J.: 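I have a structure here, written as structure tokens, and I will follow up with some questions on it.
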Amino acid sequence: MAETPEETLRRLWGEVADLAAAAAVLEWDQETCMPPRGQEGRGLVLATLAGLRHERLTAPALQDAIEAAGEAAEPGSPLAAMVREARRVTRRARRIPRDLARELAAVQSRCLARWQEARRQADFGLFQADLERMLQLKREEAAAVAEEGQGLYDALLDEYEPGAREAELEPLFRRLREELAPLVQAVAAGDPVDESPARGEFPRDAQEAFGRQAAERMGFDFQAGRLDASAHPFCTGFHPRDVRLTWRWDETDFRPAFFGILHEAGHGLYEQGLPLEWQRTPIGGAVSLGVHESQSRLWENQVGRSRAFWEWALPRFREAFPGAGEVTVDVLWPAVNVVRPSLIRVEADQVTYNLHVALRFGLEQALFRGKLEVADLPAAWDDASEELLGLRPGNAAEGVLQDIHWAMGAFGYFPTYTLGNLVAAQLWERARADLGDLDTLLARGELVPLREWLRERIHRHGSRWPAPELVEQATGRPVAVEPFLAHVRGLLREVYGVS
Ligand code: ZN
């Protein structure tokens with residue numbers, strides 16, 4: 001019997017998805033187990049896989065299958081969503097000219113090497129020319145893939161956060177800057193929290209056991225996932241039944257490892273909750289980076305940094321770290337909620353983090369509008385840092401050179417971090433309304449009802465609905481800053497007495 005249009009689309013898309021999954025396994029291996037000298041050989045394998053994937057993605061047979069499926073699909077059906085996603089992804093792939101793609105790949109690897117060296121020497125001049133070239137190529141890419149009505153920056157955002165618009169993000173970031181900057185300054189001017197309960201001796205194995213225990217409690221399935229060490233923590237999934245988390249630790253402070261594991265396990269629950277029946281189809285994966293980040297942030301911050309959760313966690317903490325002494329929730333809870341302006345984004349707390357993102361968003365906007373030259377970027381960075389965080393970087397390594405994103409050409413990526421924070425607060429508000437007394441559940445360590453709620457509202461939909469629609473369906477409103485600001489104000493009032 002002949003294949004139906006859906007079967008043909010699934011068969012051809014399945015190959016594209018498998019090539020991506022195979023590359024993801026190799027990338028995971030690269031970060032966790034591969035010996036340092038394996039780098040060059042691995043680069044070749046990944047380039048071959050990327051080339052094959054691009055070939056399949058742009059093949060006429062796939063285009064035909066998408067169009068046939070489009071004709072067969074009932075409006076609003078999962079098949080119609082598959083067609084929508086397949087069109088979006090293949091259109092981008094087809095519109096980037098081969099020469100441009102090749103040059104982007106070459107400039108990216110040169111940029112990364114130069115950026116590393118420039119950061120080591122804290123000398124932006126070593127990186128400037130390559131970044132200028134990268135920016136020029138990204139403009140070309142954006143112009144090639146932009147849809148009707150999309151600006152250049154919108155076209156770049158779309159890769160990470162389909163459907164996001166610069167014009168819609170702008171008022172969100174403006175409000176965050178206006179509301180958070182004074183709060184953060186008030187906190188910085190007040191008494192600091194005593195962090196000593198979070199510092200001391202925390203053996204690696206005990207930290208791993210403590211973190212794993214929390215991830216299990218959240219409902220992360222270790223029969224369908226793993227936790228391994230890597231230099232930078234991340235989560236990657238090849239299938240809902242094979243999800244990898246990584247972590248790193250500091251034996252003098254338990255916080256980075258513990259909250260890092262909660263964060264990655266939050267991502268991991270999303271990956272494990274993706275719909276099995278749509279695997280290897282265009283709607284089988286996570287819908288956007290912002291929605292992904294909302295899952296990690298919700299578990300890390302709304303759950304993991306709540307007082308109620310520490311009622312459950314404290315006895316486990318004492319058992320894991322007998323050397324920590326007779327700590328209580330009263331002293332430990334503030335120590336996991338320190339808010340302090342700092343220069344480095346990846347070390348920032350949940351409140352100041354968004355100011356770091358606002359800074360980058362403003363500079364990216366200026367670059368793509370032609371209002372800022374790359375040569376002036378370091379000074380513009382330092383000024384914005386002083387304005388938003390009250391801190392001026394001492395050198396370019398702790399300023400404009402701190403992040404890898406621009407060296408990779410990932411413009412339009414940063415806003416997804418803040419979208420994640422905003423959506424997490426929105427989901428939390430809604431979960432509280434739906435699940436009743438969440439504090440009681442958290443204090444008992446009963447975290448699975450929340451996971452089930454997220455599965456129902458977010459995970460099981462894969463990419464069936466565009467991200468803005470999914471957020472609105474799940475939370476009853478479009479992305480907004482109010483729930484997040486309410487969360488922050490409550491926290492600062494309780495921990496710092498600031499309001
Ligand atoms: Zn994350």
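Both ligands and their constituent atoms are indexed starting at 1 by order of listing. Predicted model, so just to flag it, every value in this text is computed and none were measured. Every heavy atom of this structure was used, including side-chain atoms; hydrogens, water molecules and symmetry mates were not.
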J.: Are Leu377 and Leu367 packed together at the side-chain level, in the sense that at least one heavy-atom pair is separated by less than 4.5 angstrom?
T.: yes
J.: Give a yes/no answer: is there an N/O/S atom of His263 under 2.8 Å from the Zn ion (ligand 1)?
T.: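 So His263 counts as coordinating the Zn ion (ligand 1), yes.
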J.: Is the closest side-chain heavy-atom distance between Trp249 and Glu208 below 4.5 Å?
T.: no
J.: Taking the six-membered ring of Tyr353, is the NZ or CZ of Arg297 close enough (under 6.0 Å from the centre) and on axis enough (within 45°)?
T.: yes
J.: Quick check: does His267 put an N/O/S atom under 2.8 Å from the Zn ion (ligand 1)?
T.: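 Short answer: yes, at least one N, O or S atom is under the cut-off.
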J.: Minimum heavy-atom separation for Gly409 and Lys138, please, with both atom names.
T.: O-CE, 2.9 Å
J.: Can you tell me if, anywhere in Glu264, an N/O/S atom lies at a distance from the Zn ion (ligand 1) that is smaller than 2.8 Å?
T.: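 Checking Glu264: none of its N, O or S atoms is under 2.8 Å.
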J.: Which atom name does Glu293 have for its N/O/S atom nearest to the Zn ion (ligand 1)?
T.: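 Minimum-distance N/O/S atom of Glu293 relative to the Zn ion (ligand 1) is OE1.
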